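Just so it is clear, the structure is predicted and the values come from calculations on it, not from any experiment.
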Amino acid sequence: MSDGIKNFRILDLFSGAGGFSYGMEKNIHFQTVIAVDFNPNALATFKYNMPNTRIINGDITDAEIKKQIIEQSKELKVNMIIGGPPCQGFSLKGKKLGLNDPRNFLFREYLNIVKELQPDVFTIENVKALLSTSAGWFKNQIVEEVHRLGYHVKYGILNASRFGVPQSRERAIFLCCKEKSIDLPVGTDQIVTVKDAISDLAYLDSGEGAFEQEYAIEPKSGYQAARRKHSKKLYNHKASNHSAIAIQKLSMIPPECGKEHLPQDMLGKQQFSGTWGRLKWDCVSPTIDTRFDASSNGTNNHPFLNRSITPREAARLQSFDDDFVFVGAKVQVRQQIGNAVPPLLAKAIADKIYEEIGE
């Protein structure tokens with residue numbers, strides 16, 4: 001605390017590649033000092049992009065790892081915790097045990113670390129269904145536990161598209177604060193479209209591109225200019241090398257259309273309506289998942305080119321800046337991007353926290 005301004009020193013649990021932290025740090029009063037994850041590949045990307053953050057690679061349930069987290073958080077004066085603990089047990093079958101269900105131990109561990117460190121504020125990000133499962137029973141369990149720890153809590157579902165992210169991605173957010181109750185950010189109805197996000201990258205065919213290359217086209221929107229602002233090169237813009245049959249199918253699907261244009265004998269076994277779909281230029285993207293590079297996976301094919309979107313295009317749709325470089329093998333990179341919290345959604349949460357308790 002200096003000159004009446006509060007600065008937030010963050011512990012990022014279950015950090016993945018760092019989307020949550022990267023977005024928080026877009027507000028200058030937030031800095032992630034420690035990131036924890038069990039996936040070394042995701043942490044390699046985190047460290048590459050946020051080299052000043054101390055990294056702990058390990059299982060949060062391991063006593064030695066937990067001790068490291070607590071000791072280093074105290075040493076670095078952590079006063080905020082963020083993260084999205086997995087919660088496989090939040091289902092009807094798990095209701096009997098709730099937060100004590102062994103499958104929810106990571107949620108319990110997150111709250112145990114909150115209890116130990118007593119941060120000024122913490123936020124939990126999770127799947128939308130968490131709030132409604134079993135008529136809200138699990139959500140009530142979490143709220144009761146947060147209150148028991150001495151925190152105010154507000155929760156709800158935020159759609160990333162309301163915060164400048166060119167993607168419809170709904171997530172449950174719990175915003176917990178010792179000092180006062182903080183409302184979730186509201187956002188705006190004004191959307192950033194797929195065209196706004198990736199039209200300057202529309203020149204690769206299947207198999208083309210490279211990990212690092214020069215920009216080929218000038219930015220065509222304010223969103224593209226903002227994402228390119230700090231990057232001299234274009235990274236991760238490499239198209240999947242699709243099979244001949246996949247390219248043939250895509251060539252039969254008109255711009256912005258879907259598998260309704262394929263003959264019945266070419267549909268294969270995919271039952272879902274969105275498979276083989278193309279993105280629509282003037283809409284937001286559907287939720288980016290960890291299989292965005294497979295043409296048959298869902299609506300993640302380019303609006304008019306005969307290929308799925310590249311990792312950089314997926315990262316743009318997640319609102320990562322172009323200077324955020326994803327490192328690792330192809331499968332690791334797509335998992336890092338698909339699992340990430342959109343940075344501009346994280347920034348909106350940081351801005352709201354700072355507005356309420358930062359000054």
message: Between the side chains of R227 and D321, is the shortest nitrogen-to-carboxylate-oxygen separation below 4.0 Å, so that they form an ion pair?
response: yes
- request: Check whether any side-chain heavy atom of D282 lies under 4.5 Å from a side-chain heavy atom of K195, and answer yes or no.
  value: yes
- prompt: Do D200 and R316 have side chains that get closer than 4.5 Å, going by heavy atoms?
  reply: yes
query: Transitive ILVMFWY cluster of Y215 at side-chain heavy atoms under 4.5 Å: who else is in it?
result: L201, Y203, L204, I217, L234
field: Cluster companions of V186 among Ile, Leu, Val, Met, Phe, Trp, Tyr (side-chain spacing under 4.5 Å)
entry: none
message: Parallel, tilted or perpendicular: which one describes the rings of Y354 and H29, with boundaries at 30° and 60°?
response: parallel
query: Would you call the rings of F8 and F30 parallel, tilted or perpendicular if under 30° counts as parallel and over 60° as perpendicular?
result: parallel
field: Any side-chain donor near an acceptor of the partner, N297 and R291, under 3.5 Å
entry: no
task: Applying ring-ring contact (aromatic ring centres under 6.0 Å, His included) between F326 and each of F320, Y235, F211, report the one that passes.
output: F320
- request: Inspect the surroundings of NZ in K128 and state if more than 12 heavy atoms from other residues, nucleotides or ligands are less than 6.0 Å away.
  value: no
message: So for atom CZ, which belongs to F174, do other residues, nucleotides or ligands contribute more than 12 heavy atoms lying within a distance under 6.0 Å?
response: yes
message: One pair to check against side-chain contact (heavy atoms from CB on, under 4.5 Å): L250 and W276. What are the steps and the verdict?
response: CA-CA 7 Å; L250 287 171; W276 293 99; 4.0 Å; yes
message: Testing V78, T53, L11 one by one against T32 for a side chain to side chain contact (heavy atoms under 4.5 Å, CB included), which residue passes?
response: T53
